[in-house]
Amino acid sequence: MARVNLTGWFTTYKTLKRGESAGQRVAYHYHRATGMRLNGKPGSPEFVADYAAAEKLIRDRLAGTFNGLVRTYTLSVEFTEKLAPSTQAEYKRMLTAAEAEFGSMPLAALDDPRVRKDFLDWREKVARASGEREADNRLSAVSAMLTWAVDRGQATANYLRGSSASTTSIDLRSFGCPSRSPPS
């Protein structure tokens, strides 16, 4: 039997006060994002089925939005198995910040070239608050996700491609500095 580590749920305890079970401590499990009660003991078929139903509720609610795209991307094989754990953690942090700004944006808006302005305006706001590097990194994470979405047919184009650090970089050769060659 395969063992799965389910996250995003919590347990609360209640001491019963009435009836034959008075004084008995009972555990109740809930799905964190939906608040839905999960029946059965963790790991039981009933618990896993309730957990899956709660996750489906979230997917259905987020379907067709930027939030839904972030969730689909971060659960994909390309994200979970091909990226290093440190990269996954950083991308999740940066995409969570993007969700705060663009979460309810319909996916159809990502197919409009004017969306680039919205992302670049957000980048500028982040640069003022957290610095250029953080702003570029956040935009790069969103761009990587959009490239993935284009490859999967969830978006028609990545209008952020090439808009990250390259928009603010300086060619040091114009100041008489030698160009750097990659280490061998």
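Just the heavy atoms: all of them, side chains too, but no hydrogens, waters or symmetry mates, feed the values below.
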Next on the checklist: Which label fits F47 and H29: parallel for a plane angle under 30°, tilted from 30 to 60°, or perpendicular past 60°?
Outcome noted: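 Perpendicular.
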Which distance, rounded to the nearest 0.5 Å, do you find between the [atom1] of [X] and the [atom2] of [Y]?
X    : Y    : atom1 : atom2 : answer
T12  : R37  : OG1   : CZ    : 8.5 Å
Q24  : K14  : CD    : NZ    : 12.5 Å
T72  : W148 : OG1   : CH2   : 5.5 Å
Y28  : N39  : OH    : CG    : 10.5 Å
R123 : N137 : CZ    : CG    : 10.0 Å
R152 : T147 : CZ    : OG1   : 10.5 Å

Can you name the nearest heavy-atom pair linking [X] to [Y], along with the distance?
X    : Y    : value
A149 : L69  : CB-CD1, 3.8 Å
T74  : K92  : CG2-CG, 4.2 Å
W9   : P42  : CH2-CG, 3.4 Å
Q154 : L107 : O-CD1, 4.4 Å
E78  : K82  : O-CB, 3.2 Å

Determine, for [X] against [Y], whether the closest basic-nitrogen to carboxylate-oxygen distance falls under 4.0 angstrom.
X    : Y    : answer
E101 : R138 : no
E134 : R93  : yes
D121 : K117 : yes

Answer yes if [X] and [Y] sit in the same cluster of Ile, Leu, Val, Met, Phe, Trp and Tyr residues linked by side chain heavy atoms under 4.5 Å apart, and no otherwise.
X    : Y    : value
V150 : V115 : no
V48  : Y30  : no
L38  : L6   : yes

Next on the checklist: Is the terminal nitrogen or CZ of R25 (NZ for Lys, CZ for Arg) located under 6.0 angstrom from the six-membered ring centre of Y13 and within 45° of that ring's axis?
Outcome noted: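 Here R25 passes the 6.0 Å and 45° test against Y13.
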Next on the checklist: Test side-chain contact (heavy atoms from CB on, under 4.5 Å) on L95 and V142; report intermediate values, then the result.
Outcome noted: CA-CA 7 Å; L95 291 172; V142 172; 4.0 Å; yes
[Y] backbone acceptor or donor facing [X] side chain under 3.5 Å:
X    : Y    : result
N158 : L146 : no
Q88  : L83  : yes
S76  : Y73  : yes
S143 : L139 : no
S130 : A127 : no

Checklist entry - Going through the distances and angles, do M145 and F79 end up as a side-chain contact (heavy atoms from CB on, under 4.5 Å)? => result CA-CA 9 Å; M145 178 187 69; F79 187 88; over 6 Å; no
Item to check | Verdict with reasoning, V70 to Y91, per side-chain contact (heavy atoms from CB on, under 4.5 Å) | outcome: CA-CA 10 Å; V70 170; Y91 272 27; over 6 Å; no
Next on the checklist: Apply ring-ring contact (aromatic ring centres under 6.0 Å, His included) to residues F102 and W122 and explain how you reach the verdict.
Outcome noted: CA-CA 10 Å; F102 302 107; W122 173 66; 5.5 Å; yes
Next on the checklist: For a side-chain contact (heavy atoms from CB on, under 4.5 Å) check, start with the C-alpha distance between E55 and R71, then their side-chain angles and the critical distance, and finish with the verdict.
Outcome noted: CA-CA 11 Å; E55 286 290 307; R71 186 162 185 88; 2.4 Å; yes
